[in-house]
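So the structure is just underneath, and the comments pick up after that.
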Amino acid sequence: MIETTTIPSIPIGFLTEIEDRLNRFGKKRAINWRVGFDKYYAKLHKIHSVYRTVLTFDKDISLPNSYLDMRYSDADGEEHKGREIWENIRPGERIVIRGTGGSGKSLFSKMSMVWTINSSSNRLPLFLDLKALNTSSNSDIFKLLHKDVNAIFQSMSASEFDYLLSQVDTIIVLDGFDEINDELRTDSLRSIKLFADKYSRASIIITSRPNDSEATWTGFRGYQIQPLSQEEAKALIQKFPYDEKLKSQFIKDFDDKIWPNHNSFASIPLLCILMVIVYARYGFLSNNLADFYQQSFEAVLFRHDRSKDFFVRSFSSGLSVTEFESIFSCFCFRSYIDDSRSFSRNEALGYIRRASETENIQCDSHSVLRDFVECACVLIKDGTSYRFSHRSFQEYFSARYATDSNLDVAKICEKFAGRRSDIALHLFYELNKDRVIADWLLPIFSRSQEIGLKDVEKFIKGVSYRSGGVAVQIDKTSVANDLDKLCAVYNGDQDTVFIRMAGCVAILLENLQPEFMFLGNSGKYRFPETEALPESEFNKIILENLKRDGFQGSYIEEDAVHIPIVDIKSVLPEPYRKFVRDSQKSIAQIVDWFSADIEKHNRRMELDDLI
């Protein structure tokens, strides 16, 4: 049961300030606004002080009572708690919070709203779920925020809202940049930056997954969510409202049995919670990520009732478990290929109908949709739309459907490899290793052997950097795409090697411009405590310092500074040598992993001769 929470009164001084600012629109309008803010704060608090999970689909969980404040590392490598970041954000400051799937980005976003309201702050809290851009006719952040606020105030004009944003301190959370469809991200990013430039008093917090490469967050201070420590994982489990007996048994075995063998799962909040029900049902945890997701799905489907042993709710659709999984897998695969993560009711029903036709299973689409939400909890109804309870379930079932279907493996791999921030390719490889190796990776491996993948100097042309980040210039006709694919197979992160290589560039840039220190762990620069410089000014300063340090010629290429490797090698020989050594080490690790899997694959294929 959710504890009732008293919503703090809005500071009188803040209301008076707003009323004074809005008197220009008429005294009566200003008074109406003052009344409207009471309703706005109440609704905002009601929405963000609770949440639901795949384990608690039918009831709200109190966020303040169950929230574990995570650790976040900044670009300097220093760690901060989430509340500390929220408390210290200054008017006009911009922050981007990055974390992998299930790391708690959205809960931090919601908690930021709760903290703001509970603190009686003189800042107006605003929240926008960026998934809304996928179904919006335009990507204008101002219009979307105005629409949300006006749903409560009703008579607030765009000019009044514009004036308010320009006159009052606000804290604006834009949650889930990674949830925006790929084809919309460039326009969405442009809209966010235009909005941030216009409203200088707005403090903006954006959340996203790593590797949102379209997003060069110039002027945004970056933070990376850190994995849970052993003690933090136990604290999270203890806070989570679930069967105390099951939690107690899990925690009893946690230090000696679970954490030593499964800390890669237990360090991610979503998977940590799923581990509790998986362990309760099976008594063991798989080391394989794909198997773990299957265990999680079954554990949720046959979840525990306090008064019974594990049970499965009967499907209103009348489907068997096998039929249900077939339709849901196809639903996930089709929507994944279409880059759809949330759906209107009609869109969801359309995907279900097409899935049932593909699988030749007779069913009522409306009943299946109800089962997705109420029985399996794989979809969550969010207002008038539906979304996956977590994106990783879509990725797992897409990989599983591709495995179970007689589809072209190489084409599937190429499609999965095109997603820069999910785990579908990694899961597909775990589920279908021999076919992926034979049909897709062996040609890549052959090419990499021919061009000498470990010989870094053959294909690294130089280093480019701009105000938002750094990139190692690669001979893309030879190796970059192949290296991307090898990285994605092993950990779902196509940029792993390049990020490590870019981290080595820190040594080079430290020799160029100390106040523009490059920080390799986050892929971003730390700017001085001033407004971020425009791109052209940044490049001008960098060029001046390049010439100061002995580099010759002009290095501007497509609005970025580019330093050829030959110049780095001659001017900074020792940093260059370390850069090459570290890059070789990173690439060699991936190649060695792959070589070992190739050898296992070949040994298994030798069994054909025995048949």
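Numbers for residues simply follow the sequence, beginning at 1. These numbers were taken from a predicted model, which means no experiment stands behind them.
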Heavy atoms of other groups near Lys147 NZ, more than 12 under 6.0 Å: no
Test side chain to side chain contact (heavy atoms under 4.5 Å, CB included) applied to Leu63 and Val50, step by step: CA-CA 5 Å; Leu63 180 57; Val50 297; over 6 Å; no
Distance-only polar pair, side chains of Tyr279 and Gln249, donor-acceptor under 3.5 Å: no
Heavy-atom side-chain proximity of Ile277 to Tyr242 below 4.5 angstrom: yes
Spacing of Ile327 atom CD1 and Arg353 atom CZ [to the nearest 0.5 Å]: 12.5 Å
Worked verdict on Ile171 versus Ile205 for side chain to side chain contact (heavy atoms under 4.5 Å, CB included): CA-CA 8 Å; Ile171 182 163; Ile205 299 174; 4.3 Å; yes
Closest approach of Val409 to Arg435 (non-hydrogen atoms, all atoms of both residues): CG2-NH2, 3.0 Å
Donor-acceptor contact below 3.5 Å, side chain Lys105 vs main chain Gly176: no
Residue pair Glu430 / Tyr293, side-chain donor-acceptor N/O under 3.5 Å: no
Shortest non-hydrogen contact from Ser103 toward Ile268: N-CG2, 4.4 Å
Ion pair check, Glu395 and Arg391, cut-off under 4.0 Å: yes
Tyr72 ring center within less than 6.0 Å of Phe108 ring center: yes
Test ring-ring contact (aromatic ring centres under 6.0 Å, His included) applied to Phe388 and Phe393, step by step: CA-CA 7 Å; Phe388 288 99; Phe393 280 105; 8.9 Å; no
Tyr67: partners by side chain to side chain donor-acceptor pair (under 3.5 Å), with sequence neighbours left out: none
Check: Ile412 and Tyr401 side chains under 4.5 Å, non-hydrogen atoms: no
Ring centre gap for Phe397 and Tyr336 strictly below 6.0 Å: no
Check: Tyr51/Ser66 side-chain N/O donor and acceptor closer than 3.5 Å: yes
By side-chain contact (heavy atoms from CB on, under 4.5 Å) - contacts of Glu232 (at least two apart): Leu68, Arg71, Lys81, Leu228, Ser229
Rounded distance (nearest 0.5 Å) linking atom CG of Leu349 with atom CZ of Arg354: 10.5 Å
Contact list for residues 284-294, test salt bridge (charged side-chain N to carboxylate O under 4.0 Å, His left out), sequence neighbours left out: none
Ile141 CD1 to Ser191 OG distance, which is reported to the nearest 0.5 Å: 4.5 Å
Worked check of side chain to side chain contact (heavy atoms under 4.5 Å, CB included) between Phe333 and Arg400: CA-CA 9 Å; Phe333 182 77; Arg400 178 176 163 182; over 6 Å; no
Side-chain touch Phe331/Phe372, heavy atoms, less than 4.5 angstrom: yes
Any donor-acceptor pair under 3.5 Å from Lys131 side chain to Arg341 backbone: no
By side chain to side chain donor-acceptor pair (under 3.5 Å) - contacts of Lys234 (at least two apart): Glu231, Asp255
Between OG on residue Ser326 and CG on residue Asp404, distance to nearest 0.5 Å: 8.0 Å
Partner set under salt bridge (Lys or Arg N to Asp or Glu O under 4.0 Å) for Arg370, not counting sequence neighbours: Glu374
Spacing of CG belonging to Asp69 relative to CH2 belonging to Trp86, to within rounding of 0.5 Å: 11.5 Å
Geometric class of the His146/Phe142 ring pair [parallel <30°, tilted 30-60°, perpendicular >60°]: parallel
Short side-chain to backbone donor-acceptor contact, Asp364 and Ser367, under 3.5 Å: yes
Taking every non-hydrogen atom, the tightest pair across Glu414 and Trp440: OE2-NE1, 2.9 Å
Interatomic distance, Phe428 atom CZ to Phe416 atom CZ [nearest 0.5 angstrom]: 6.5 Å
Results of side-chain contact (heavy atoms from CB on, under 4.5 Å) for Ser109 - residues two or more places apart only: Phe127, Val173, Asp175, Thr207
Check: Asn263 side chain, Ala266 main-chain N or O, donor-acceptor pair, under 3.5 Å: no
Backbone of Ser340 reached by a side-chain donor or acceptor of Asp338 within 3.5 Å: no
Test salt bridge (Lys or Arg N to Asp or Glu O under 4.0 Å) applied to Lys143 - qualifying residues, sequence neighbours left out: none
Between Ser335 and Gln394: side-chain donor-acceptor atoms closer than 3.5 Å: yes
Donor-acceptor contact below 3.5 Å, side chain Ser296 vs main chain Leu274: no
Residues which pass side chain to side chain donor-acceptor pair (under 3.5 Å) with Asp148, listed by chain and number, not counting sequence neighbours: none
Close side-chain approach of Phe220 and Ile95, heavy atoms under 4.5 Å: no
Test log, rule side chain to side chain contact (heavy atoms under 4.5 Å, CB included), inputs Ile85 and Asp74: CA-CA 10 Å; Ile85 295 172; Asp74 63 19; over 6 Å; no
With sequence neighbours excluded, residues passing side chain to side chain donor-acceptor pair (under 3.5 Å) with Gln226: Ser73
Residue list, side-chain contact (heavy atoms from CB on, under 4.5 Å) with Lys411, at least two apart or on another chain: Asp408
Whether Glu347 side chain and Ser344 backbone form a donor-acceptor pair below 3.5 Å: yes
For Arg185, the option from Leu130, Asp178, Leu133 that meets side chain to side chain contact (heavy atoms under 4.5 Å, CB included): Asp178
For Asp187, all residues meeting salt bridge (Lys or Arg N to Asp or Glu O under 4.0 Å), sequence neighbours excluded: Arg190
Donor-acceptor pair between Tyr396 and Gln294 side chains, under 3.5 angstrom: yes
Between Trp259 and Ser267, a side-chain donor and acceptor under 3.5 Å: no
Arg334: partners by salt bridge (Lys or Arg N to Asp or Glu O under 4.0 Å), with sequence neighbours left out: none
Between Ser317 and Asp371, a side-chain donor and acceptor under 3.5 Å: yes
Donor-acceptor side-chain pairing of Arg98 and Tyr223 below 3.5 angstrom: no
Aromatic plane relationship, Phe324 with Phe297 - under 30° parallel, 30 to 60° tilted, over 60° perpendicular: parallel
